[in-house]
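Quick notes on the structure that follows.
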Amino acid sequence: MNIFVAKLNFRTTSEQLQAHFETYGEVSSAKVIFDKVTQRSKGFGFVEMPDDNAAQEAIEGLNETEFDGRTIVVKKANPRND
DNA sequence: GTTGAGCGC
């Protein structure tokens, strides 16, 4: 299950994002989108969880909750163009 | 040494 996480703190990293979602289940991959030039966070990221059940629990459990001092938005990610 | 809706190289 791919998860879209928005309104992250601009200083939040991918490891922090993964560690945060791992509280609900196994996280296979987590990544915060950074700018290619400034290398600063774009304020959103993606989390991939192998268990769809844990992923759903994480979405409903972490959506609109405080993370790293910011209220984040968690929802299912759109299918990326292969 | 900033900002805050939106979907990743």
Proximity to the side chain of [X] - top-ranked nucleotide from [options]:
X: Lys31(A); options: dC9(B), dT3(B), dG4(B); answer: dC9(B)
X: Ala77(A); options: dT3(B), dC7(B), dG6(B); answer: dC7(B)
X: Ile33(A); options: dC7(B), dG4(B), dC9(B); answer: dC9(B)
X: Lys75(A); options: dC9(B), dG4(B), dC7(B); answer: dC7(B)
X: Arg80(A); options: dT3(B), dC9(B), dG6(B); answer: dC9(B)
X: Asn78(A); options: dG6(B), dT2(B), dC7(B); answer: dC7(B)

Would you confirm whether Asn2(A), through its side chain, and Glu48(A), through its main-chain N or O, come within 3.5 Å as a donor-acceptor pair?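 Looks like no, no N/O pair under 3.5 Å.
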
Between Asn81(A) and Lys7(A), name the one whose nearest nucleotide on DNA chain B is closer to the 5' end.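 This one resolves to Lys7(A).
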
Mind calculating the distance between [atom1] ([X]) and [atom2] ([N]) to the nearest angstrom?
X: Leu17(A); N: dG8(B); atom1: CG; atom2: P; value: 16 Å
X: Arg40(A); N: dG8(B); atom1: CZ; atom2: C1'; value: 20 Å
X: Phe34(A); N: dC9(B); atom1: CZ; atom2: P; value: 11 Å
X: Ile72(A); N: dG6(B); atom1: CD1; atom2: P; value: 17 Å
X: Asp35(A); N: dT3(B); atom1: CG; atom2: C1'; value: 13 Å
X: Asn9(A); N: dT2(B); atom1: CG; atom2: P; value: 11 Å
X: Phe10(A); N: dT2(B); atom1: CZ; atom2: C1'; value: 9 Å
X: Phe44(A); N: dT3(B); atom1: CZ; atom2: C1'; value: 14 Å

Determine whether the aromatic ring of Phe46(A) stacks with the base of dC7(B), defined as ring centroids separated by less than 5.5 Å and ring planes inclined by less than 30°.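 A stacking contact does not exist, since Phe46(A) is not both close and nearly parallel to the base ring of dC7(B).
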
Between [X] and [Y], which heavy-atom pair has the shortest distance, and what is it?
X: Gln16(A); Y: Arg11(A); value: OE1-O, 4.2 Å
X: Phe34(A); Y: Ser41(A); value: CD2-N, 3.4 Å
X: Gly25(A); Y: Ala54(A); value: CA-CB, 4.1 Å

So what does [X] hit on the nucleic acid, given a heavy-atom distance under 4.0 Å: a base, only sugar-phosphate, or nothing?
X: Val32(A); answer: nothing
X: Ile3(A); answer: nothing
X: Lys36(A); answer: nothing

hydrophobic_cluster_shared for Ile3(A) and Phe44(A), side chain cutoff 4.5 Å: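 Unlinked, Phe44(A) and Ile3(A) end up in two clusters.
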
